[in-house]
Chemist: 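I have a structure I would like to understand better, so I am pasting it below and will then ask my questions one at a time.
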Amino acid sequence: MGIVNIDDDLHDQLRRASKVSCRSINAQAAFWIKVGMLCEINPTLSFTEIMERELGSAGVSAQSLALSEA
């Protein structure tokens, strides 16, 4: 574990995003870092595909939402 120096504007964005996603600032930064790393390693996958893969590997299964006709 260490200290990472980031720009003040990025820290402000982290703080704001962490409130929306109910994460600590450190957890939000870790999430962004992990997702960014996975995107670089898997450039052909979309964010959604990466999240589906990660959730699946963690044992999370969710049903797709069915759109109802009005």
Side-chain angles (χ1 to χ4, degrees):
M1 180 137 160
I3 296 174
V4 177
N5 290 319
I6 60 172
D7 181 82
D8 288 339
D9 291 334
L10 180 56
H11 186 272
D12 187 50
Q13 293 299 314
L14 265 170
R15 183 179 51 76
R16 291 170 191 242
S18 71
K19 288 180 182 179
V20 172
S21 59
C22 300
R23 296 183 181 111
S24 69
I25 293 173
N26 286 345
Q28 184 66 42
F31 176 75
W32 280 356
I33 289 167
K34 182 175 181 174
V35 170
M37 182 182 68
L38 290 169
C39 287
E40 285 188 350
I41 293 169
N42 301 286
T44 61
L45 298 179
S46 69
F47 172 78
T48 302
E49 292 167 328
I50 288 171
M51 294 309 298
E52 285 176 355
R53 188 184 75 174
E54 290 300 300
L55 289 169
S57 70
V60 176
S61 61
Q63 295 177 344
S64 297
L65 297 175
L67 298 176
S68 61
E69 294 183 28

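Hydrogens, waters and symmetry mates play no part in the numbers below; they use all other heavy atoms, side chains included.
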Chemist: Report the distance from atom CG of Leu45 to atom CE of Met51, rounding to the nearest 0.5 Å.
Modeler: 12.5 Å
Chemist: Measuring from atom CH2 of Trp32 to atom OG of Ser18, what distance do you get when rounded to the nearest 0.5 angstrom?
Modeler: 8.5 Å
Chemist: Can you list the residues that meet the side chain to side chain donor-acceptor pair (under 3.5 Å) rule with Asp9, with sequence neighbours excluded?
Modeler: none
Chemist: Could you list the residues that satisfy side chain to side chain donor-acceptor pair (under 3.5 Å) with Ser21, not counting sequence neighbours?
Modeler: Arg23, Gln28
Chemist: With heavy-atom distances below 4.5 Å as the criterion, would you say the side chains of Val60 and Glu54 are in contact?
Modeler: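 No, their side chains stay 4.5 Å or more apart.
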Chemist: Roughly how far apart are Glu49 CD and Asn42 CG, rounded to 0.5 Å?
Modeler: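 Result: 9.5 Å between the selected atoms.
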Chemist: Would you compute the distance between atom NZ of Lys19 and atom CD1 of Ile25 and round it to the nearest 0.5 angstrom?
Modeler: 8.0 Å
Chemist: State plainly whether one hydrophobic cluster holds both Val20 and Leu14, where clusters connect Ile, Leu, Val, Met, Phe, Trp and Tyr through side-chain heavy atoms under 4.5 angstrom apart.
Modeler: no
Chemist: Provide the closest heavy-atom pair for Leu38 versus Arg53 in the form atom of the first, atom of the second, distance.
Modeler: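 So the minimum-distance heavy-atom pair works out to CD2-NH2, 3.5 Å.
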Chemist: Is there a side-chain contact between Val4 and Ile33 (heavy atoms, below 4.5 Å)?
Modeler: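 Of all side-chain heavy-atom pairs linking Ile33 with Val4, none is under 4.5 Å.
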Chemist: Is the number of heavy atoms from other residues, nucleotides or ligands under 6.0 Å of Asp8 CG greater than 12?
Modeler: no
Chemist: Please determine whether residues Phe31 and Leu10 belong to a single hydrophobic cluster, defined as Ile, Leu, Val, Met, Phe, Trp and Tyr linked transitively by side-chain heavy-atom distances below 4.5 Å.
Modeler: yes
